[in-house]
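Below: the structure, in structure tokens.
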Amino acid sequence: MTATMPAHAHRASRLVTRVTDGAHCWGRLSERPVGRTMWSTRTLVVFAPGTDRRERALLRAWHAWGTVGAVLGVVAMAATASVTGPLTLAGLAVGAVVYGSGFAVLGAATRRLRPLVRSCTVTTFHGNGRPEVHGDVRLLTVGLDTLSLLETALRSGRITPVEFELAWSDVWRSMPR
């Protein structure tokens with residue numbers, strides 16, 4: 001924390017950074033625990049090395065838009081209904097336009113970035129007495145461990161940004177296209 005920045009402002013700054021950048025600068029780990037279907041899933045998503053803050057924010061927005069856009073579409077429909085009366089075709093149209101516009105704008109903004117994102121998914125079926133694992137567990141585990149350890153080393157100043165990006169590049173190249 002800097003001497004000129006109050007503690008609450010510093011926490012707010014870290015929160016904004018976390019929301020725009022995500023938990024990791026290299027991508028994300030998505031985990032879905034075992035559900036009623038008896039399947040669990042882990043997906044390691046790795047952005048192309050050198051992906052900057054703006055590009056990460058766009059990719060995160062693209063990833064989240066399905067849910068965020070649906071909520072905003074419903075809010076837009078409710079706002080239209082409060083102005084025009086009961087839900088009408090116009091309200092449905094406004095909600096659909098909000099939802100579709102987000103996909104159109106974010107799709108265009110991430111058109112060049114999305115093909116460069118690589119991922120590895122491991123699914124596990126927890127029925128039939130013992131787990132059945134599908135996917136490259138070693139690739140997911142080694143990639144995640146490498147990126148997490150190196151990111152920690154970068155943040156603590158033990159490695160340079162160039163060293164981090166070189167290792168990030170190795171992990172990214174090892175992932176399926």
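This one's a predicted model, so the numbers in the text were calculated from it and none came from an experiment.
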Q | Output field: ring centroids Phe103/Trp62 closer than 6.0 Å | A | yes
Q. Between the main-chain N or O of Arg32 and the side-chain N or O of Arg42, is there a donor-acceptor pair closer than 3.5 Å?
A. no
Q.
Please verify the inter-ring angle class for His24 with Trp26; under 30° counts as parallel, over 60° as perpendicular, anything in between as tilted.
A. parallel
Q. Any chain of hydrophobic side-chain contacts (each under 4.5 Å) joining Leu92 to Val71?
A. no
Counting C-beta onward and ignoring hydrogens, is there a side-chain heavy-atom pair between [X] and [Y] closer than 4.5 Å?
X	Y	answer
Thr121	Thr41	yes
Phe47	Arg28	yes
Thr141	Asp145	yes
Arg53	Arg56	yes

Show the atom names and distances, to 0.1 Å, of all donor-acceptor pairs under 3.5 Å that link a side chain in residues 124-132 to residues at least two apart or in another chain.
unit_1	atom_1	unit_2	atom_2	d
His126	NE2	Ser40	OG	2.8
Asn128	ND2	Glu132	OE2	3.3

Q: Please name all residues satisfying side-chain contact (heavy atoms from CB on, under 4.5 Å) with Arg173, sequence neighbours left out, ordered by chain then number.
A: Ser169, Asp170
Q. Out of curiosity, Arg54 CZ to Leu59 CG, how far, rounded to the nearest 0.5 Å?
A. 10.0 Å
Q: Quick one: list whatever passes ring pair (Phe, Tyr, Trp, His ring centres under 6.0 Å) with His134, sequence neighbours left out.
A: Trp39
